[in-house]
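A short write-up of the structure that comes next.
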Amino acid sequence: MERIPILKMGDFLLVTIQVDLYDQLAENLESDLVNAVKKNNSKGVLIDISSVSIIDSFMGRILGNIGIMSRIMGAQSVIVGMQPAVAMTLVELGLTLTGVSTALNVEKGMELLRSKILLSEGQSYYDENNNTE
């Protein structure tokens with residue numbers, strides 16, 4: 001069964017989608033990625049879709065689901081490299097990718113992940129140490 005590689009980079013997971021995603025491959029990615037977040041206690045997920053030239057509603061929902069599931073598991077998600085045609089298609093389909101941030105490229109995506117994690121860790125630290133109850 002074909003799988004998309006998930007690379008661990010410190011506290012982050014990096015996924016580069018280099019092939020056309022058919023339904024089963026997309027579902028495998030969703031499951032594999034959420035399991036990898038748990039296994040590695042990852043704080044961030046970066047998904048590079050720069051090679052994706054077309055997207056359908058199913059794949060758009062999978063990307064959104066990955067973001068929501070990762071967030072529930074305690075990880076931030078960023079999608080990078082989105083082609084203009086993909087962005088237009090997502091808008092036309094009414095898909096907002098709730099729970100997922102976007103950036104132009106991997107470098108900007110990593111910066112965004114780092115800043116989101118620092119912000120969430122700072123907020124967690126503040127919440128734990130300034131409990132008003």
Side-chain angles (χ1 to χ4, degrees):
M1 187 178 330
E2 190 176 5
R3 297 267 201 243
I4 294 184
I6 299 170
L7 305 174
K8 184 177 184 317
M9 294 177 50
D11 289 337
F12 301 145
L13 297 176
L14 174 63
V15 177
T16 302
I17 300 174
Q18 307 248 337
V19 296
D20 289 332
L21 288 176
Y22 53 88
D23 291 356
Q24 187 60 53
L25 185 58
E27 288 175 346
N28 290 345
L29 174 61
E30 180 181 55
S31 174
D32 292 348
L33 197 47
V34 173
N35 287 322
V37 167
K38 181 179 184 335
K39 176 183 174 188
N40 296 297
N41 196 25
S42 299
K43 296 181 180 187
V45 175
L46 189 131
I47 304 170
D48 181 1
I49 63 168
S50 57
S51 296
V52 175
S53 56
I54 12 177
I55 196 165
D56 62 9
S57 61
F58 181 76
M59 185 56 206
R61 281 194 309 275
I62 291 287
L63 290 173
N65 289 348
I66 288 170
I68 293 167
M69 290 177 201
S70 296
R71 185 77 177 122
I72 290 170
M73 302 291 293
Q76 302 288 332
S77 299
V78 176
I79 294 176
V80 301
M82 189 177 302
Q83 300 293 327
V86 171
M88 288 186 278
T89 301
L90 289 173
V91 170
E92 289 169 359
L93 292 171
L95 299 172
T96 58
L97 300 183
T98 303
V100 179
S101 297
T102 58
L104 291 176
N105 56 42
V106 171
E107 182 181 352
K108 292 192 182 296
M110 292 299 276
E111 288 173 16
L112 180 58
L113 269 179
R114 284 188 191 102
S115 67
K116 289 172 79 69
I117 289 167
L118 285 174
L119 180 62
S120 69
E121 285 179 347
Q123 190 170 14
S124 294
Y125 176 80
Y126 179 81
D127 292 345
E128 291 169 7
N129 292 299
N130 292 302
N131 192 348
T132 58
E133 293 179 21

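Just so you know, these numbers use all the heavy atoms, side chains as well, and skip hydrogens, waters and symmetry mates.
- You'll find the side chain of Leu13 reaches within 4.5 Å of the side chain of Lys8, heavy atoms only.
- With contacts defined as side-chain heavy-atom distances shorter than 4.5 Å, the pair Leu90/Met82 qualifies.
- Considering only heavy atoms from C-beta on, Val80 comes within 4.5 Å of Asp48 through its side chain.
- Scanning all heavy atoms of the two residues, the minimum distance from Ala75 to Ser42 falls at CB-O, 3.5 Å.
- Taken together through direct or relayed side-chain contacts under 4.5 Å among Ile, Leu, Val, Met, Phe, Trp and Tyr, Val19 and Leu63 form part of one hydrophobic cluster.
- Between Asn65 and Glu30, the closest heavy-atom pair is CB-OE2, 2.9 Å.
- No continuous path of hydrophobic side-chain contacts links Val37 to Ile68 [ILVMFWY only; heavy atoms under 4.5 Å].
- Leu104 and Val78 fall into different hydrophobic clusters, where Ile, Leu, Val, Met, Phe, Trp and Tyr side chains are chained together by heavy-atom contacts under 4.5 Å.
- Contact annotation: the side chain of Leu95 approaches that of Arg61 to within less than 4.5 Å [non-hydrogen atoms, C-beta and beyond].
- When all heavy atoms are compared, the tightest approach of Val45 to Ser70 is CG2-OG, 3.9 Å.
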Met59 vs Ile17, side-chain contact (heavy atoms from CB on, under 4.5 Å): CA-CA, chis, key distance, verdict: CA-CA 12 Å; Met59 185 56 206; Ile17 300 174; 4.3 Å; yes
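- If you take CD on Gln18 and OG on Ser50, they are separated by 7.0 Å, rounding to the nearest 0.5 Å.
- Between the CD atom in Glu107 and the CG atom in Leu46 there is a gap of 12.0 Å [rounded to 0.5 Å].
- Atoms CE and CG, on Met69 and Asn35 in that order, are 10.5 Å from each other to the nearest 0.5 Å.
- In this structure, Phe58 and Asp23 have side chains that are in contact, with non-hydrogen atoms separated by less than 4.5 Å.
- Here the OG1 atom belonging to Thr89 is positioned 9.5 Å from the CG atom belonging to Asp56, to the nearest 0.5 angstrom.
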Checking side-chain contact (heavy atoms from CB on, under 4.5 Å) for the pair Val15/Asp32: CA distance, chi angles, key distance, verdict? CA-CA 11 Å; Val15 177; Asp32 292 348; over 6 Å; no
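- Val106 and Val86 fall into different hydrophobic clusters, where Ile, Leu, Val, Met, Phe, Trp and Tyr residues are linked whenever their side-chain heavy atoms come under 4.5 Å apart, directly or through other members.
- Listed here is the closest heavy atom pair of Asp20 and Leu25: O-CD2, 4.2 Å.
- Taken to the nearest 0.5 Å, the CG atom of Leu21 stands 9.0 Å off from the CD1 atom of Ile62.
- In terms of hydrophobic clustering, with Ile, Leu, Val, Met, Phe, Trp and Tyr side chains grouped at heavy-atom distances under 4.5 Å, Leu118 and Met9 are assigned to different clusters.
- Once rounded to the nearest 0.5 Å, the distance linking CD1 of Ile54 with CD of Gln83 reads 11.5 Å.
- You'll find the side chain of Ile66 stays beyond 4.5 Å of the side chain of Val100, heavy atoms only.
- At a threshold of 4.5 Å between non-hydrogen side-chain atoms, the residues Asn28 and Ile4 do not count as touching.
- Taking all atoms of both residues into account, the shortest heavy-atom contact from Ser77 to Leu113 is N-CD2, 4.3 Å.
- Side-chain N or O atoms of Ser31 include none that pairs as donor or acceptor with a backbone N or O of Glu27 at under 3.5 Å.
- Side-chain contact between Ile6 and Leu33 is present, with heavy atoms from C-beta onward closer than 4.5 Å.
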